[in-house]
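I have placed the structure first, in the form of structure tokens, so that the comments after it can refer back to it.
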Amino acid sequence: MSLIPYTITALEASAVDSATSGKNIVVGAVVTMTDSAGVVTMFDDAAGSNGSTAKATGADGQVTVFVNPNTYTISVNGSVSKVEISEAEFTGTTTDLINSIDAYAADTLINSTGYLASGDGGDGSWKQNGVTGQTPSQSPAQLGNALLNDASGNQWALVGNGINVKQTGATGSRTVDNSAAIQAAINKFKNPDLTDLPGAINFRINAINGGVVDLDGEVYAVSSPLNFDDFTGASFGNGSLLAIGTWDAGLTDALIVGDITRNSLIHKLTLELNQLCNGILLNRCVYSTVEEVNIFGAGSQLFGFSSQTSFGGMSLHLVRVRIFGTTAAETGANSPLATGFLITGGSDSVMTECITSRMLVGASISTGGWEVTNSHFTGADGINAIGLSLGDGAHYMTVVDNVFDHCHLKLNGAARRTVSDNMFRNDTDDLSEFAILWEATAIDQGFAGTIITDNNVWVRGTVANHDFIRLSEPGSFTWGSPDGCLVHSNTVRTQGALPAGFTSISSTSGSLQAAVSGTEFTGAITTINMAGQLLNGNDLGSALILGGCVAHTSSGSHACERASYSPSTQLLTLEFSSAFTGTVGFYYTWGTQAPILVAAAP
């Protein structure tokens, strides 16, 4: 049974029944207590310290003793009275408890009726945790956790794995800063006592599993980053956060910032950045999910969502995360600067059903292994936007069933990627000159193991010299030899005539030759294979192929003046300027590499 505090006051006999306000107190009066079993041992605190059968009043004529709930006979300097001591009953708000001087035993559980006022949604169960001697009257926001100190310096802890941020003092307001109150709720579910990453990797789940930090469907103003370091085994969301005040610029400042978040969920959340700050920065995020999150006003900052460490994350799932840049109506100009998803590292991770709109770069994944599926990347009018950029360290990538609208896919070197079943669309005001930009980088990995297949390119724009794929060797970087790559069964469609100079594959470097050079198209077309695959299966329509073909026969090499392909008969016709004998093959050349067979002539 818990020890209950009881305060005894010694007064002069003549003043026992009067309101003396301490004028007739007795200092050093001897106090004893008995119950039905005899003399009772009294203690100095709830922990049972300094037990004694007799106590003395202090300079204020009072002494507080701790005993078990019961009915007692109290003797003060021989004056006897009876009293029943029981658990105290509390009625009031959490703020009333913070200001209360009443003494309660350890493990006492009380229920508040609200935080500031009864019925304001901040009601909760608080338990006296046995910690005493603290700074009096401290709120959860001041203590930085789901704790409070009452006016006597006794500490109370919020009970339960589910926390409504109103219970720690947050108010649904677009003007009042709620940063500290929300942070206090988040800190309840932090567990820093785990082995760091990426050393001896330890993914133990916090003992406080299933914790919930609930925003209760409200909008909360926030003026500084909410820190999620070591946030473990819990969820956060179900509301909106509104950035206010002044924020620092740079990669490390965001509305939500976390390092080593484990087994966690951020969901059903809306962030209104107001061009003041970045959105979410979660480094080394493992076995976690960010789901049903909307991020607005990211147009003038660096990113909407980011993971920026060499380790990145493991099994990080981004599901239905939608990031929107600013509009001309909001800024006076439609000039997005930000990247929607700015990611370095990560393995076995997924981005699915995500949306970026009015972004300079929809998503940038410089290293790691990701699956990007069923997402929609939209640029903005009048800019050459990138929908998805894969760096030279982004290996084992799958890019499937996405839509690239007013933007293009950028591949930087590397290998082992599958790009299939995507839709690329440009329009009359689209400045992009290609659907896919493929660049060589300092890491010379050639085109090893890359597959681009079954994609659809819808060309409505009028930009001259538009390409399906443009190969580039910026600076002094050069490509290695193609190895095991496939560009196959892709389709390019137009609303009308193709823009002048449209090609399937082109090169900006003198050291490379286009797979098909000087090509003219009059209908639905696509690219031929870059590394030894047959033309059959690509939708060439009525394409007319000019130049770039070499026939190697037993009598030598002969330049092909003209090559045409009939979809109905699937026959390839080669025309040469002079007669020769021997077996003919359809080849093209790749820089200084040996000729590569594309298809045998019928």
Side-chain angles (χ1 to χ4, degrees), residues 90-102 104 106-173 175-192 206 208 210-239 241-242 244 255-258 264:
F90 176 87
T91 301
T93 65
T94 301
T95 302
D96 292 333
L97 178 59
I98 293 172
N99 296 320
S100 173
I101 60 172
D102 293 337
Y104 297 89
D107 297 326
T108 296
L109 184 67
I110 66 170
N111 296 309
S112 68
T113 58
Y115 189 85
L116 292 172
S118 294
D120 65 6
D123 53 292
S125 297
W126 295 87
K127 184 176 183 179
Q128 213 286 317
N129 62 10
V131 178
T132 61
Q134 303 300 297
T135 303
S137 300
Q138 296 289 291
S139 68
Q142 291 172 305
L143 295 177
N145 212 315
L147 303 168
L148 65 82
N149 297 342
D150 62 27
S152 297
N154 302 308
Q155 193 171 93
W156 299 75
L158 186 61
V159 177
N161 271 2
I163 295 182
N164 181 331
V165 294
K166 292 179 180 178
Q167 294 176 309
T168 53
T171 58
S173 169
T175 56
V176 177
D177 185 9
N178 291 275
S179 304
I182 296 175
Q183 187 66 62
I186 294 168
N187 288 349
K188 178 179 173 66
F189 300 104
K190 288 190 173 185
N191 188 351
N206 192 345
I208 311 175
V212 176
V213 179
D214 186 5
L215 296 176
D216 198 34
E218 299 275 5
V219 179
Y220 302 87
V222 175
S223 67
S224 59
L226 298 177
N227 187 286
F228 279 73
D229 290 355
D230 299 300
F231 187 69
T232 306
S235 68
F236 176 87
N238 190 33
L241 301 176
L242 171 67
I244 62 173
L255 203 156
I256 291 177
V257 176
S264 298

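Only a predicted model underlies this, so the values are computations on that prediction, with no experimental measurement involved.
The stretch residues 143-164 participates, sequence neighbours left out, in no salt bridge (charged side-chain N to carboxylate O under 4.0 Å, His left out) pair at all. Applying the side-chain hydrogen bond (donor to acceptor under 3.5 Å, both in side chains) definition to pairs two or more places apart or across chains, those involving residues 131-144 are S139-Q142.
T168 places no side-chain N or O within donor-acceptor distance of the main-chain N or O of A146, the cut-off being under 3.5 Å.
For D216, the salt bridge (charged side-chain N to carboxylate O under 4.0 Å, His left out) test picks out K166, with sequence neighbours left out. Here T93 pairs with D96 under the side-chain hydrogen bond (donor to acceptor under 3.5 Å, both in side chains) rule; sequence neighbours left out. Contacts of A157 classified as side chain to side chain contact (heavy atoms under 4.5 Å, CB included), with partners at least two apart in sequence or in another chain: N129, L147. Listed by chain and number, the residues in a side chain to side chain contact (heavy atoms under 4.5 Å, CB included) with N238 are D214 (sequence neighbours excluded).
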**Verdict with supporting geometry, V212 and N161, side chain to side chain contact (heavy atoms under 4.5 Å, CB included)** = CA-CA 6 Å; V212 176; N161 271 2; over 6 Å; no
**Full working for side chain to side chain contact (heavy atoms under 4.5 Å, CB included) between K188 and L158** = CA-CA 9 Å; K188 178 179 173 66; L158 186 61; 5.5 Å; no
**Request:** Before giving the answer on ring-ring contact (aromatic ring centres under 6.0 Å, His included), spell out for W126 and F90 the whole-Å C-alpha distance, their side-chain angles and the decisive distance to 0.1 Å.
**Result:** CA-CA 11 Å; W126 295 87; F90 176 87; over 10 Å; no
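Counting heavy atoms of neighbouring residues, nucleotides and ligands inside a 6.0 Å radius, atom CD1 of I101 does not exceed 12 of them.
Put simply, CG on L143 and CG on N187 are 11.0 Å apart, with the number rounded to the nearest 0.5 Å.
In this structure, F236 has its ring center no closer than 6.0 Å to that of F189.
Donor-acceptor pairing under 3.5 Å is recorded for the side chains of N227 and K190.
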